[in-house]
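Below: the structure, in C-alpha coordinates.
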Amino acid sequence: ASPIKDHTGKIVSVMEMSTDITAIKKMQSQMADVGQFVSSLAHTIKGIITGLEGGIYVVESGFKKNQNDVIKNGWGMVQRNVERVSNLVLDMLYYAKSRTPEKSEIDLPKLCRDVGDLFKVKLEENNIEIEYDLEDVEKLKGDSKAIHTLILTLLENAIDACRWDKPGKAHIVKVTLRFKDDMYNLSISDNGLGISKDNKAKLFTSMYSTKGSSGSGFGLMVVKKIVDEHKGRIEVESVEGEGTMFKVLVPPE
(Lines give C-alpha, C1' and ligand atoms only; values in the text may rest on other atoms or scores of the structure.)
Protein backbone atom coordinates (compact mmCIF):
# COMPACT_ATOMS: atom_id res chain seq x y z
CA ALA A 1 0.00 0.00 0.00
CA SER A 2 1.23 3.49 -0.81
CA PRO A 3 -0.32 6.84 0.23
CA ILE A 4 -1.17 9.51 -2.36
CA LYS A 5 -0.91 13.11 -1.15
CA ASP A 6 -2.19 16.43 -2.48
CA HIS A 7 -0.12 19.61 -2.88
CA THR A 8 -0.43 20.35 0.85
CA GLY A 9 0.91 16.97 1.87
CA LYS A 10 -2.44 15.66 3.04
CA ILE A 11 -3.14 12.00 2.28
CA VAL A 12 -6.15 11.96 0.00
CA SER A 13 -6.11 8.34 -1.11
CA VAL A 14 -4.17 5.11 -0.93
CA MET A 15 -2.98 3.00 -3.80
CA GLU A 16 -2.95 -0.72 -3.11
CA MET A 17 -1.06 -3.32 -5.09
CA SER A 18 -1.21 -7.06 -4.54
CA THR A 19 0.44 -10.16 -5.90
CA ASP A 20 -0.98 -13.66 -5.70
CA ILE A 21 1.73 -15.72 -3.96
CA THR A 22 -0.37 -18.86 -3.52
CA ALA A 23 1.77 -20.85 -5.95
CA ILE A 24 4.97 -19.69 -4.25
CA LYS A 25 3.69 -20.58 -0.78
CA LYS A 26 2.52 -23.98 -2.03
CA MET A 27 5.93 -24.64 -3.55
CA GLN A 28 7.65 -23.55 -0.33
CA SER A 29 5.44 -25.93 1.65
CA GLN A 30 6.17 -28.78 -0.76
CA MET A 31 9.89 -28.09 -0.58
CA ALA A 32 9.72 -28.12 3.21
CA ASP A 33 7.92 -31.47 3.07
CA VAL A 34 10.55 -32.83 0.68
CA GLY A 35 13.31 -31.63 3.01
CA GLN A 36 11.67 -33.30 6.00
CA PHE A 37 11.09 -36.46 3.98
CA VAL A 38 14.71 -36.66 2.80
CA SER A 39 15.97 -36.01 6.32
CA SER A 40 13.78 -38.76 7.77
CA LEU A 41 14.72 -41.16 4.98
CA ALA A 42 18.42 -40.48 5.51
CA HIS A 43 17.98 -41.14 9.24
CA THR A 44 16.24 -44.45 8.49
CA ILE A 45 18.92 -45.55 6.01
CA LYS A 46 21.64 -44.55 8.48
CA GLY A 47 20.04 -46.79 11.08
CA ILE A 48 19.94 -49.72 8.65
CA ILE A 49 23.60 -49.18 7.69
CA THR A 50 24.57 -49.12 11.36
CA GLY A 51 22.75 -52.42 11.83
CA LEU A 52 24.50 -53.95 8.83
CA GLU A 53 27.90 -52.76 10.03
CA GLY A 54 27.22 -54.23 13.46
CA GLY A 55 26.20 -57.57 11.94
CA ILE A 56 29.28 -57.68 9.71
CA TYR A 57 31.52 -56.92 12.71
CA VAL A 58 29.98 -59.77 14.70
CA VAL A 59 30.35 -62.18 11.75
CA GLU A 60 34.01 -61.24 11.29
CA SER A 61 34.64 -61.66 15.02
CA GLY A 62 33.08 -65.11 14.85
CA PHE A 63 35.34 -66.12 11.96
CA LYS A 64 38.45 -64.86 13.77
CA LYS A 65 37.56 -66.76 16.94
CA ASN A 66 36.12 -69.73 15.05
CA GLN A 67 32.86 -69.44 17.01
CA ASN A 68 29.89 -70.64 14.98
CA ASP A 69 27.30 -69.31 17.43
CA VAL A 70 28.75 -65.79 17.10
CA ILE A 71 28.79 -66.11 13.31
CA LYS A 72 25.16 -67.26 13.34
CA ASN A 73 24.14 -64.35 15.55
CA GLY A 74 25.92 -61.80 13.34
CA TRP A 75 24.49 -63.29 10.16
CA GLY A 76 21.02 -62.98 11.68
CA MET A 77 21.66 -59.27 12.23
CA VAL A 78 22.74 -58.88 8.60
CA GLN A 79 19.66 -60.74 7.33
CA ARG A 80 17.27 -58.61 9.40
CA ASN A 81 18.74 -55.39 8.09
CA VAL A 82 18.78 -56.62 4.48
CA GLU A 83 15.08 -57.38 4.95
CA ARG A 84 14.59 -53.82 6.25
CA VAL A 85 16.25 -52.46 3.09
CA SER A 86 14.02 -54.64 0.91
CA ASN A 87 10.85 -53.58 2.73
CA LEU A 88 11.86 -49.91 2.60
CA VAL A 89 12.42 -50.00 -1.16
CA LEU A 90 9.16 -51.86 -1.83
CA ASP A 91 7.19 -49.43 0.34
CA MET A 92 8.82 -46.44 -1.38
CA LEU A 93 7.95 -47.83 -4.82
CA TYR A 94 4.36 -48.53 -3.80
CA TYR A 95 3.88 -45.12 -2.23
CA ALA A 96 5.43 -43.21 -5.14
CA LYS A 97 3.55 -45.00 -7.90
CA SER A 98 0.17 -43.71 -8.99
CA ARG A 99 -1.97 -46.78 -9.53
CA THR A 100 -5.49 -48.13 -9.86
CA PRO A 101 -6.23 -51.19 -7.71
CA GLU A 102 -6.50 -54.47 -9.61
CA LYS A 103 -9.91 -55.74 -8.53
CA SER A 104 -10.54 -59.38 -7.67
CA GLU A 105 -12.69 -61.20 -5.14
CA ILE A 106 -11.04 -61.40 -1.71
CA ASP A 107 -12.02 -63.85 1.02
CA LEU A 108 -11.26 -61.52 3.93
CA PRO A 109 -11.73 -64.03 6.80
CA LYS A 110 -9.34 -66.46 5.13
CA LEU A 111 -6.84 -63.72 4.28
CA CYS A 112 -6.81 -62.49 7.89
CA ARG A 113 -6.02 -65.99 9.16
CA ASP A 114 -3.43 -66.61 6.44
CA VAL A 115 -1.57 -63.41 7.32
CA GLY A 116 -1.84 -64.21 11.02
CA ASP A 117 -0.24 -67.62 10.39
CA LEU A 118 2.85 -65.85 9.04
CA PHE A 119 3.50 -64.55 12.57
CA LYS A 120 2.96 -67.88 14.34
CA VAL A 121 6.59 -68.26 15.44
CA LYS A 122 6.92 -64.61 16.44
CA LEU A 123 3.75 -64.81 18.52
CA GLU A 124 4.88 -67.99 20.29
CA GLU A 125 8.38 -66.66 20.97
CA ASN A 126 6.96 -63.54 22.60
CA ASN A 127 4.07 -65.28 24.41
CA ILE A 128 1.44 -63.22 22.58
CA GLU A 129 -2.04 -64.60 21.94
CA ILE A 130 -4.02 -63.83 18.80
CA GLU A 131 -7.82 -63.96 18.65
CA TYR A 132 -10.06 -63.91 15.59
CA ASP A 133 -13.65 -62.73 15.54
CA LEU A 134 -14.41 -62.91 11.84
CA GLU A 135 -17.91 -62.63 10.45
CA ASP A 136 -18.60 -64.71 7.35
CA VAL A 137 -18.87 -61.73 5.00
CA GLU A 138 -19.31 -61.59 1.24
CA LYS A 139 -16.08 -61.47 -0.73
CA LEU A 140 -14.58 -58.00 -1.12
CA LYS A 141 -13.75 -56.74 -4.59
CA GLY A 142 -10.35 -55.18 -4.23
CA ASP A 143 -6.60 -55.46 -4.78
CA SER A 144 -5.65 -58.70 -3.02
CA LYS A 145 -1.92 -57.91 -2.81
CA ALA A 146 -2.60 -54.44 -1.39
CA ILE A 147 -5.11 -55.69 1.18
CA HIS A 148 -2.62 -58.41 2.16
CA THR A 149 0.01 -55.71 2.73
CA LEU A 150 -2.45 -53.63 4.76
CA ILE A 151 -3.33 -56.50 7.11
CA LEU A 152 0.31 -57.58 7.37
CA THR A 153 1.48 -54.08 8.35
CA LEU A 154 -1.23 -53.46 10.94
CA LEU A 155 -0.84 -56.93 12.45
CA GLU A 156 2.93 -56.59 12.67
CA ASN A 157 2.57 -53.19 14.35
CA ALA A 158 0.15 -54.67 16.89
CA ILE A 159 2.51 -57.55 17.69
CA ASP A 160 5.48 -55.19 18.06
CA ALA A 161 3.45 -52.94 20.38
CA CYS A 162 2.98 -55.97 22.63
CA ARG A 163 6.62 -57.11 22.32
CA TRP A 164 7.93 -53.75 23.47
CA ASP A 165 5.44 -53.34 26.30
CA LYS A 166 6.26 -54.06 29.94
CA PRO A 167 7.03 -57.75 30.63
CA GLY A 168 4.71 -59.99 32.61
CA LYS A 169 1.56 -58.66 30.98
CA ALA A 170 -0.80 -61.08 29.22
CA HIS A 171 -0.62 -59.62 25.73
CA ILE A 172 -3.24 -60.27 23.13
CA VAL A 173 -3.89 -59.16 19.54
CA LYS A 174 -7.45 -59.24 18.23
CA VAL A 175 -8.59 -59.30 14.61
CA THR A 176 -12.27 -58.48 14.10
CA LEU A 177 -14.25 -58.38 10.87
CA ARG A 178 -17.84 -57.25 10.34
CA PHE A 179 -20.00 -55.97 7.50
CA LYS A 180 -21.94 -53.02 8.88
CA ASP A 181 -23.60 -49.94 7.36
CA ASP A 182 -22.64 -51.12 3.85
CA MET A 183 -18.96 -51.16 4.81
CA TYR A 184 -16.42 -53.86 5.56
CA ASN A 185 -15.19 -53.14 9.10
CA LEU A 186 -11.78 -54.64 9.82
CA SER A 187 -10.16 -53.83 13.15
CA ILE A 188 -6.81 -54.95 14.53
CA SER A 189 -6.25 -54.16 18.19
CA ASP A 190 -3.68 -54.87 20.88
CA ASN A 191 -3.16 -54.22 24.57
CA GLY A 192 0.44 -53.14 24.15
CA LEU A 193 2.30 -49.85 24.48
CA GLY A 194 -0.36 -47.55 23.11
CA ILE A 195 0.30 -44.25 21.36
CA SER A 196 0.50 -40.79 22.91
CA LYS A 197 -1.85 -38.04 21.74
CA ASP A 198 1.00 -36.11 20.13
CA ASN A 199 2.27 -39.13 18.22
CA LYS A 200 -1.23 -40.17 17.22
CA ALA A 201 -1.56 -36.93 15.23
CA LYS A 202 1.59 -37.86 13.26
CA LEU A 203 0.65 -41.45 12.41
CA PHE A 204 -0.02 -41.04 8.70
CA THR A 205 2.35 -38.15 8.05
CA SER A 206 5.57 -38.43 6.11
CA MET A 207 8.04 -40.98 7.51
CA TYR A 208 6.59 -41.21 11.03
CA SER A 209 7.05 -44.65 12.57
CA THR A 210 5.44 -46.19 15.65
CA LYS A 211 8.54 -48.38 15.92
CA GLY A 212 11.09 -45.64 16.48
CA SER A 213 14.42 -46.39 14.82
CA SER A 214 13.31 -49.94 14.00
CA GLY A 215 10.67 -48.78 11.51
CA SER A 216 10.96 -47.26 8.06
CA GLY A 217 8.17 -44.72 8.51
CA PHE A 218 6.54 -45.90 5.27
CA GLY A 219 4.32 -48.64 6.65
CA LEU A 220 1.36 -46.54 7.78
CA MET A 221 1.75 -44.20 4.80
CA VAL A 222 1.31 -47.21 2.51
CA VAL A 223 -1.65 -48.43 4.59
CA LYS A 224 -3.32 -45.02 4.25
CA LYS A 225 -2.72 -45.04 0.48
CA ILE A 226 -4.24 -48.51 0.14
CA VAL A 227 -7.31 -47.41 2.09
CA ASP A 228 -7.64 -44.28 -0.07
CA GLU A 229 -7.30 -46.35 -3.28
CA HIS A 230 -10.21 -48.48 -2.09
CA LYS A 231 -12.26 -45.36 -1.27
CA GLY A 232 -12.33 -46.20 2.41
CA ARG A 233 -11.12 -44.62 5.61
CA ILE A 234 -8.99 -45.59 8.57
CA GLU A 235 -9.58 -44.70 12.22
CA VAL A 236 -7.29 -45.01 15.22
CA GLU A 237 -8.13 -45.33 18.89
CA SER A 238 -5.30 -45.53 21.40
CA VAL A 239 -4.53 -44.98 25.05
CA GLU A 240 -0.89 -44.77 26.03
CA GLY A 241 0.03 -47.73 28.18
CA GLU A 242 -3.22 -49.58 27.44
CA GLY A 243 -3.29 -50.40 23.75
CA THR A 244 -4.30 -49.40 20.23
CA MET A 245 -6.96 -50.23 17.69
CA PHE A 246 -6.77 -49.52 13.96
CA LYS A 247 -10.12 -49.75 12.20
CA VAL A 248 -10.31 -49.93 8.40
CA LEU A 249 -13.65 -49.28 6.70
CA VAL A 250 -13.95 -50.12 3.02
CA PRO A 251 -17.06 -50.08 0.76
CA PRO A 252 -18.00 -53.20 -1.29
CA GLU A 253 -16.97 -51.65 -4.62
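All values derive from a computational prediction rather than experimental measurement. FYI, side chains are in, hydrogens and waters are out, and symmetry mates aren't considered; it's all heavy atoms of this structure.
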Checklist entry - What closest approach, in Å, do Asn73 and Val58 show between heavy atoms, and which atom pair accounts for it? => result ND2-CG1, 4.3 Å
Checklist entry - Is the CG atom of Asn127 crowded by more than 12 outside heavy atoms at less than 6.0 Å? => result no
Next on the checklist: By the definition side chain to side chain donor-acceptor pair (under 3.5 Å), identify the one residue from Lys225, Lys231, Lys224 that meets it with Asp228.
Outcome noted: Lys224
Checklist entry - If we only count heavy atoms from C-beta on, is the Asn157 to Thr153 side-chain gap below 4.5 Å? => result yes
Checklist entry - Is there a donor-acceptor pair closer than 3.5 Å between any side-chain N or O of His171 and the backbone N or O of Lys169? => result yes
Next on the checklist: Could you check whether Ser196 and Asp198, counting side-chain N and O atoms only, form a donor-acceptor pair closer than 3.5 Å?
Outcome noted: no
Checklist entry - Quick one: do Ile49 and Trp75 end up in the same hydrophobic cluster if we chain Ile, Leu, Val, Met, Phe, Trp and Tyr together by side-chain heavy atoms under 4.5 Å apart? => result yes
Checklist entry - Below 4.0 angstrom, N of the basic side chain to O of the carboxylate: do Lys110 and Asp114 qualify? => result yes
Checklist entry - How far apart are the closest heavy atoms of Ala1 and Val14, and which atoms are they? => result CB-CG1, 4.1 Å
Checklist outcome for this item: So the ring pair (Phe, Tyr, Trp, His ring centres under 6.0 Å) pairs with at least one residue in residues 180-202 (sequence neighbours excluded) are Phe179-Tyr184
Checklist entry - More than 12 foreign heavy atoms under 6.0 Å from CD of Gln79: is that the case here? => result yes
Item to check | Under 3.5 Å donor-acceptor, Ser238 side chain and Gly194 backbone | outcome: no
Next on the checklist: Starting from Ile188, can I reach Val239 by hopping between I/L/V/M/F/W/Y residues whose side chains sit under 4.5 Å apart?
Outcome noted: no
Item to check | Within one Ile-Leu-Val-Met-Phe-Trp-Tyr cluster: Leu140 and Leu134, side-chain cutoff 4.5 Å | outcome: yes
Next on the checklist: With clusters defined by side-chain heavy atoms of hydrophobic residues (ILVMFWY) lying less than 4.5 Å apart, directly or transitively, does Tyr57 cluster with Ile71?
Outcome noted: no
Checklist entry - Any idea which heavy atoms bring Met77 and Gly55 closest together, and the distance? => result CE-N, 3.6 Å
Item to check | Over all atoms of both residues, closest heavy-atom pair of Ile151 and Cys112 | outcome: CD1-SG, 4.0 Å
Checklist entry - Between OG of Ser13 and CG of Asp6, what distance do you get to the nearest 0.5 Å? => result 9.5 Å
Checklist entry - Sequence neighbours excluded, which residues qualify as salt bridge (Lys or Arg N to Asp or Glu O under 4.0 Å) partners of Lys247? => result none
Checklist entry - Under 6.0 Å from the CG atom of Asp182, do we count more than 12 heavy atoms belonging to anything else shown? => result no
Checklist outcome for this item: Distance col, row Lys174:NZ vs Ser187:OG, nearest 0.5 angstrom, shows 10.0 Å
Checklist entry - More than 12 heavy atoms of other residues, nucleotides or ligands under 6.0 Å from CD of Glu83: is that the case? => result no
Checklist entry - Has Phe63 got more than 12 heavy atoms of other residues, nucleotides or ligands less than 6.0 Å from its CZ? => result no
Checklist entry - Measuring from Lys141:NZ to Glu102:CD, what's the distance to the nearest 0.5 Å? => result 16.0 Å
Next on the checklist: Is any side-chain heavy atom of Leu177 closer than 4.5 Å to one of Asp133?
Outcome noted: no
Checklist entry - So, does Asp181 use its side chain to make a donor-acceptor pair with the main chain of Met183 at under 3.5 Å? => result no
Checklist outcome for this item: Applying side-chain hydrogen bond (donor to acceptor under 3.5 Å, both in side chains) to Ser18 and not counting sequence neighbours gives none
Next on the checklist: Test your reading of the model: is there a side-chain donor-acceptor pair from Asn126 to the backbone of Ile128, 3.5 Å cut-off?
Outcome noted: no
Checklist entry - Atom CZ of Arg178 and atom CG of Leu249: how far apart are they, to the nearest 0.5 Å? => result 13.0 Å
Item to check | Same cluster (ILVMFWY, side-chain, under 4.5 Å), Val236 and Met245 | outcome: no
Checklist entry - Just how far is it from atom CZ of Arg163 to atom CD1 of Ile159, taken to the nearest 0.5 Å? => result 9.0 Å
Item to check | Minimum-distance pair of heavy atoms, taken over all atoms of Pro109 and Val137 | outcome: CD-CG2, 4.2 Å
Next on the checklist: Working note: Ile130 + Leu155, criterion side chain to side chain contact (heavy atoms under 4.5 Å, CB included); need CA distance, chi angles, decisive distance, verdict.
Outcome noted: CA-CA 10 Å; Ile130 185 168; Leu155 196 51; 4.1 Å; yes
Item to check | Exercise: identify the closest heavy-atom pair between Cys162 and Ile172 | outcome: SG-O, 4.2 Å
Item to check | Criterion side chain to side chain contact (heavy atoms under 4.5 Å, CB included) on Ile106 and Lys139, from CA distance to verdict | outcome: CA-CA 5 Å; Ile106 304 170; Lys139 291 184 178 180; 5.9 Å; no
Checklist entry - Should we say atom CD of Glu237 is surrounded by more than 12 heavy atoms from elsewhere, each under 6.0 Å from it? => result no
Checklist outcome for this item: Output for pair (Ser189 OG, Leu154 CG), nearest 0.5 Å, gives 11.0 Å
Checklist entry - Any ion pair linking Lys122 and Asp160 (charged N to carboxylate O, less than 4.0 Å)? => result yes
